[in-house]
Amino acid sequence: MRTIKPFDLEHRERHQLLLSGVAPRPIALVTTQSKNGTVNVSPFSFFNAYSSKPPIVAIGPAISSISGKAKDTLTNILETGECTISTVTYAMTEQISLASCEYDAEISEFEKAGLHKRESSLVQPPFVAESPYAMECTLHKYIPLFEEEGGNGRILLLEVKLFHVSESVFTDDKVDPRKMDLTARMGYDWYCRAHGDALFQVEKPRWNGIGIDSLPENIRTSPFLTGADLAKLGSMKTLPELDTAFPQFPDVIHADSVDIELASGNAWAALYATIHTHNRSEKTISRIGQEFLHHNDAETAYQVLMMNRR
Ligand SMILES: Cc1cc2nc3c(=O)[nH]c(=O)nc-3n(C[C@H](O)[C@H](O)[C@H](O)COP(=O)(O)O)c2cc1C
C-alpha cells in the first residue's frame, strides 16, 4: 500500500489523487448571473448536500489554477447571493464538459454548450432546461479555506429555496434513479453513469443487527461466504433458534440438479436437490445459503448454513 503525504505531491497530482478517492461525486451545473446581467453556467463536482431542514447544499469553486483568479461562479454568487443548481444526466455530460471551459465572463456558456434556459421563480439566474431536477438557491455562508496561506479552496453553503422536478422522473411519487440517469465525476477524465446494473437497493436495517461477531464460528470463518453474505446474516434482529424440523418442503416440488436450480435462482429447489442427492458439502450448502440471502431471506439462509450442525 502506498502512503502519500499531500505536500510531497505537485498541486495537479494532489488534486487528482484526492478526486480519485472521493468519488463518484455528484455534479452541480451552477447557473449564476453577474451584476450586469450576464448569465454564466459551469459544472462543479465539489458538491453535496449537508442538511435537509433547511435544505443546504455546498459547492467548492476553487481559485483557478489556470488564471489564478476567482471563478465567475464564485464572484457572481458573492455579488448577488443567488444561483440555481441543475443536476447532470448522462445525455448532458459532453455539453457540461464543454461548458467547463474557462470562457471570459461576458461569454455565454449556455450558447457555447448548446444548453437552454428555463426561467426561475424566486431567483434571477435561470436553470437548465435539459435537466430533470433543479434547485433555486440563495447564499447561506461563504467559507474561504487557508486564504492567507494561498489555499485555493472556497466553500459556498447554499440554501435551497425551491425544487423543480420533472414529472417524467417520478414513480409512485418518488424520484426514481432509474429514470434520472445521472452522471457523476471520478478522478482524472473518468465519469460514471448511475444506470442499469450500476443501480441497486440495500434495505436499510430497521433495528440494530446482531452483528457478524455474534454468528456461529462455522459461518463467520466460512471460506465460501463473502463479507456481504455475513453482513446480511449479521443484520438479523436475533439469532434464530435451530429448527429441528428444517427443511419442510411444499407437497409438490420440481427439482433438477443443484447447479441448474441455483442458476435459475430457485433456492428451495436447490435445497431439495441437495438433500435428495445426499450432497451436503459445505460448499454446496454455502451456495444454497447465499441464494436465500440473494432473496433477502436471512432466516432461511441461516437454517441452511447450520444444516450440517444439527
Ligand atoms: C464535471 C466537472 C466538475 C468540475 N468541478 C469543479 C469544482 O468542483 N470546482 C472547481 O473549481 N472547478 C470545477 N470544474 C471546473 C469548472 O467548471 C471550470 O473551471 C469553469 O470554467 C468555471 O467556470 P466559471 O469561471 O464560469 O465559474 C469542474 C469541471 C467539470 C467538467
Side-chain angles (χ1 to χ4, degrees), residues 11-12 14-50 57-115 117 124-128 130-131 133 135 137 139 142-147 150-158 180-194:
H11 176 69
R12 250 197 105 63
R14 183 172 51 244
H15 182 73
Q16 290 301 345
L17 178 65
L18 177 68
L19 301 197
S20 297
V22 186
R25 299 179 307 286
I27 304 171
L29 189 50
V30 184
T31 309
T32 55
Q33 195 162 315
S34 68
K35 270 196 304 199
N36 66 16
T38 307
V39 174
N40 186 287
V41 63
S42 298
F44 291 87
S45 71
F46 283 13
F47 166 53
N48 223 306
Y50 293 94
V57 298
I59 57 165
I63 299 301
S64 170
S65 56
I66 301 172
S67 66
K69 290 195 209 134
K71 305 218 171 160
D72 297 331
T73 301
L74 176 66
T75 309
N76 291 348
I77 295 177
L78 291 180
E79 278 180 5
T80 64
E82 296 186 334
C83 70
T84 67
I85 293 180
S86 306
T87 55
V88 174
T89 65
Y90 177 70
M92 296 161 66
T93 312
E94 293 287 347
Q95 284 166 287
I96 65 107
S97 177
L98 182 55
S100 78
C101 294
E102 298 198 4
Y103 293 111
D104 286 344
E106 66 280 2
I107 290 178
S108 163
E109 288 99 352
F110 267 100
E111 279 173 32
K112 289 283 173 206
L115 295 166
K117 295 173 192 157
Q124 285 300 316
F127 55 99
V128 178
E130 281 77 2
S131 173
Y133 183 115
M135 297 173 277
C137 305
L139 177 63
Y142 169 52
I143 309 170
L145 300 173
F146 301 96
E147 198 176 14
N152 77 336
R154 303 287 184 269
I155 301 176
L156 292 169
L157 292 175
L158 304 160
M180 293 276 274
D181 198 11
L182 294 179
T183 286
R185 190 82 198 267
M186 315 293 286
Y188 300 93
D189 286 341
W190 290 96
Y191 286 78
C192 80
R193 181 179 185 182

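First listed ligand is number 1; within each ligand, the first listed atom is number 1. Quick caveat: nothing in here was measured; it's all calculated off a predicted structure. Both backbone and side-chain heavy atoms feed into the values below; hydrogens, waters and symmetry mates do not.
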(request) Determine whether the side chains of Ser45 and Arg25 contain a donor N or O and an acceptor N or O closer than 3.5 Å. (result) yes
(request) Indicate yes or no for a side-chain donor-acceptor contact from Thr80 to the backbone of Asn76 under 3.5 Å, with no hydrogens or angles considered. (result) yes
(message) Is there a side-chain contact (heavy atoms from CB on, under 4.5 Å) between Leu182 and Tyr90? Walk through the geometry before answering.
(response) CA-CA 6 Å; Leu182 294 179; Tyr90 177 70; over 6 Å; no
(request) Taking only heavy atoms of the protein into account, state which residues are under 4.0 angstrom from an atom of ligand 1, in chain and number order. (result) Ile27, Asn40, Ser42, Pro43, Phe44, Ser45, Phe46, Gly60, Pro61, Ala62, Lys71, Asp72, Thr73, Ile96, Ser100, Cys101, Glu102, Glu109, Arg185, Tyr191
(request) Please list, chain by chain and in numerical order, all residues satisfying side chain to side chain contact (heavy atoms under 4.5 Å, CB included) with Ser20, sequence neighbours excluded. (result) Tyr188
(message) Please enumerate all residues that pass side chain to side chain contact (heavy atoms under 4.5 Å, CB included) together with Glu102, with sequence neighbours excluded.
(response) Ser64, Ile66, Ser67, Lys71
(request) Applying ring-ring contact (aromatic ring centres under 6.0 Å, His included), name anything that partners Phe44, two or more places apart in sequence or on another chain. (result) none
